[in-house]
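Whatever order the structure lists ligands and atoms in, that order sets their numbers, starting from 1.
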Amino acid sequence: MSPKSSSSADSAGKSSIKAGSQIIVDTLIEQGVDTMFGYTGGVVLPLFDKLYDAPIRFIVPRHEQGGCHMADAYARASGKVGVVVATSGPGACNLVTGLATAMMDSIPLVALTGQVRTELIGNDAFQEADTTGITRPVTKYNCIVKDVKDLARTVREAFHIASTGRQGPVLIDLPVDIEVAKCRTDGSKEMELPGYRIRTKGHSKQISTAAKAINKSERPILYVGGGVISANATEELRAFAEKAHLPVTMTLLGLGSYDQNRPESLDMLGMHGSAYANYAVQECDLLIAVGARFDDRVTGKVKTFAPNAKIIHLDIDPASISKNVRVDIPVVGDAKVVLGELTKEVEYREREDWFKKIAGWKKKFPFRYDNNSSTIKPQYVVEEVYHQTGGKAIITTGVGQNQMWAAQFYKFSRARQFISSGGLGTMGFGLPAAIGAQVARPDETVVDIDGDHSFNMTMTELSTAVEHKLPIKVCILNNGYMGMVRQWQELFYGKRYSKTYLANPDYATVAEALGAVGITVDKKSDVPKAVKKMLASKKPCVVDFRVEREENVWPMVPAGKSIDEMDGLDILERLV
Ligand SMILES: Cc1ncc(C[n+]2csc(CCOP(=O)(O)OP(=O)(O)O)c2C)c(N)n1
Ligand SMILES: [Mg+2]
């Protein structure tokens with residue numbers, strides 16, 4: 001969102017006297033905000049009073065963490081900046097997990113928190129917390145406003161910082177006396193960010209060096225992260241990959257950046273990625289990383305990652321380059337711009353042997369599971385959702401096995417279709433994320449593929465979905481366990497399932513009590529009709545799939561191993 005391009009409530013540049021809270025609301029509108037999430041409290045009363053008749057859709061969650069995830073997913077689904085509000089003290093503290101989630105995944109968010117009166121700050125006043133101190137490590141930028149004259153500019157800067165460069169959450173702390181104070185506004189749109197500069201273009205010499213390396217490469221692979229989606233560069237990515245003829249693998253957050261139905265797609269790489277992607281990375285002679293950050297869930301043992309490859313790294317954030325892995329050809333710039341430039345300089349090469357080799361791995365080790373059991377396999381549920389939604393739904397997830405099965409068995413074809421907490425791995429993200437995504441994309445089918453224990457963490461938000469008549473669908477892959485942790489205990493702790501089993505409620509009853517539709521499925525043959533009923537539901541709908549309890553996610557790269565040292569390949573091979 002460009003701060004200059006949006007329309008202003010003060011657009012005529014008229015000067016007028018306004019309260020701080022009105023200035024905030026007007027600047028939000030100037031920035032194009034039409035939807036917000038948040039929860040009230042004592043020190044945000046002046047702001048909420050101005051929101052009472054503002055032309056902004058406002059969604060109140062049942063817990064501020066939920067509101068923050070909703071704003072985050074709203075941003076992920078729409079490409080706009082998400083906005084969340086909370087009161088001081090407990091309200092602000094409840095945002096922390098949501099802010100950290102957005103920070104780790106580089107999601108543009110503006111959080112507004114109330115603060116006690118300026119004169120009380122530092123006095124342990126009622127509901128005082130050092131919000132800027134607490135949230136500094138989990139925000140791209142934060143500040144407290146101490147003069148009403150700085151308000152409009154600060155809000156404008158927050159949107160600019162959140163949505164440019166490597167995107168991220170920005171928090172503004174608002175003492176209540178500043179919300180109440182009045183000042184003269186003149187409608188100016190200025191910002192003061194002298195040290196904040198973004199390199200979008202990319203160095204032309206570096207781009208040429210990268211293009212030459214690509215043209216020379218016999219075994220290249222594109223490794224794509226969420227940065228391509230943030231940069232709205234999926235068209236450019238497709239054109240580039242097609243022209244240079246490159247296989248493409250994606251990170252969890254990169255899913256959707258390249259159509260997984262295309263033959264060049266090697267799906268996800270990393271700890272639970274495809275064997276064919278991991279092998280291709282280990283054997284490639286050139287790794288072209290775009291908008292990705294060499295996370296440890298991707299690289300496995302860094303020392304042995306892509307051992308034969310020259311590495312090109314294209315990223316908007318110079319601090320990401322050579323942070324985890326040594327890079328040979330860095331290009332700092334916006335993926336959309338740089339991919340466009342690169343495409344002009346690359347040549348098509350057949351690379352027959354390389355694609356043949358990859359096709360062999362694909363055939364030998366596809367994502368598979370044994371569906372001959374009488375129990376419901378969680379992967380089968382994901383496949384059924386995939387088929388019945390024609391691969392078109394927006395999918396959100398919890399964290400754990402459910403998340404990995406969603407990533408492995410739903411094939412994504414477009415950006416902003418897969419919404420999941422990657423970097424922080426926040427259980428409880430799935431349901432509020434589905435709500436935020438549905439608010440952003442009212443005409444789409446939004447399905448939360450969740451874990452039972454992830455759902456437990458934020459299920460209260462079902463009330464929010466009911467209140468706002470958001471027809472989200474929740475598929476709980478209910479294995480009773482904290483399945484992913486149980487899997488690690490099975491494999492590495494001699495099946496000592498320490499504290500990973502908890503009694504669950506009857507989710508269908510919970511859903512019905514909160515005003516949603518609840519369905520329980522414990523027979524495999526009932527899965528298709530339950531999915532059908534869920535998709536047809538006009539109300540929020542929760543389906544409790546009682547799945548196989550001790551199913552594992554394969555393949556798996558054990559922590560600290562090279563990514564070609566995968567467990568479970570024998571199982572996949574046997575199933576082909
Ligand atoms: C807030 C939070 N607490 C703890 C964890 C650690 N953790 C990762 S996966 C997992 C289990 C998830 O269980 P469930 O939601 O049922 O998913 P499943 O793996 O069974 O599909 C846990 C406890 C986490 N990721 N997030
Ligand atoms: Mg579970």
Side-chain angles (χ1 to χ4, degrees), residues 63-66 68-69 72 93-105 138 252-253 270-272 295-297 369 375-383 385 395-410 420-434 447-462 474-493 495-507 510 520-522 542-554 556 559 568:
H63 184 294
E64 289 88 349
Q65 180 189 348
C68 201
H69 292 326
D72 167 320
C93 288
N94 278 349
L95 292 182
V96 171
T97 306
L99 292 170
T101 303
M103 182 70 181
M104 288 289 267
D105 290 349
V138 293
L252 184 79
L253 290 189
M271 182 175 273
H272 292 294
D295 173 72
D296 57 272
R297 285 297 191 260
Y369 62 100
T375 52
I376 304 172
K377 286 295 173 90
Q379 302 96 324
Y380 170 53
V381 174
V382 178
E383 276 188 343
V385 173
I395 303 292
T396 69
T397 73
V399 168
Q401 294 181 316
N402 60 90
Q403 178 183 33
M404 293 301 119
W405 286 317
Q408 291 182 338
F409 290 92
Y410 203 101
S420 189
S421 166
L424 200 67
T426 308
M427 287 170 70
F429 181 75
L431 173 64
V447 183
D448 168 26
I449 294 177
D450 220 330
D452 43 339
H453 295 292
S454 293
F455 183 75
N456 287 342
M457 287 205 171
T458 53
M459 64 180 163
T460 182
E461 300 303 346
L462 212 44
V474 181
C475 294
I476 303 176
L477 305 181
N478 183 0
N479 50 17
Y481 283 109
M482 300 176 194
M484 185 57 92
V485 182
R486 186 212 54 77
Q487 176 170 343
W488 285 53
Q489 289 172 328
E490 177 187 331
L491 301 175
F492 311 119
Y493 290 87
K495 288 201 175 189
R496 286 158 57 84
Y497 294 161
S498 177
K499 328 294 181 218
T500 40
Y501 178 83
L502 303 174
N504 279 326
D506 183 88
Y507 293 113
V510 171
T520 308
V521 185
D522 38 29
V542 175
V543 190
D544 177 1
F545 291 99
R546 308 275 169 92
V547 298
E548 168 78 44
R549 309 186 65 136
E550 298 195 23
E551 183 72 8
N552 286 333
V553 181
W554 302 121
M556 174 176 189

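The protein non-hydrogen atom at the shortest distance from atom 25 (N) of ligand 1 is G425 O, 2.8 Å. Of the protein's non-hydrogen atoms, the one nearest atom 12 (C) of ligand 1 is V399 O, 3.4 Å. The protein heavy-atom contact nearest to atom 17 (O) of ligand 1 is N402 ND2, 3.0 Å.
Taking distance alone, with nitrogen or oxygen atoms compared against 3.5 Å, W405 stays at or beyond that limit from ligand 1.
Contacts of F455 with ligand 1, taken as heavy-atom pairs under 4.0 Å, are absent altogether. For N479, every heavy-atom contact with ligand 1 shorter than 4.0 Å involves the side chain, none the backbone. In Q487, neither the side chain nor the backbone holds a heavy atom less than 4.0 Å from any atom of ligand 1.
In this structure the side chain of M484 never reaches within 4.5 angstrom of the side chain of Q403, judged on heavy atoms. Taking the side chain as every heavy atom from C-beta outward, R486 and Q401 approach each other to under 4.5 Å. Proximity of Q489 to K495: side-chain heavy atoms (C-beta onward) are nowhere separated by under 4.5 Å. A 4.5 Å side-chain heavy-atom check between V385 and Y410 finds at least one atom pair inside the cut-off. Looking only at side-chain heavy atoms (C-beta outward), M459 and V542 stay at 4.5 Å or farther from each other.
At a 4.0 Å cut-off, at least one heavy atom of V485 sits close enough to ligand 1 to count as contact.
Interface atoms of ligand 1 facing G483, defined by a heavy-atom separation under 4.0 Å, are 13 (O), 18 (P), 19 (O), 20 (O). Near G451, the atoms of ligand 1 lying under 4.0 angstrom from a non-hydrogen atom of the residue are 14 (P), 15 (O), 16 (O), 17 (O). Residue G400 has at least one heavy-atom neighbour below 4.0 Å for each of these atoms of ligand 1: 9 (S), 19 (O).
Nearest-heavy-atom check against atom 3 (N) of ligand 1 across M427, Q403, M482 picks out M427. By heavy-atom distance, the residue among D452, N504, V553, V547 lying nearest atom 16 (O) of ligand 1 is D452.
No hydrogens or angles considered: nothing links the side chains of H69 and D72 as a donor-acceptor pair under 3.5 Å.
Within the protein, the N, O or S atoms lying under 2.8 Å from the Mg ion (ligand 2) are D452 OD1, N479 OD1, Y481 O.
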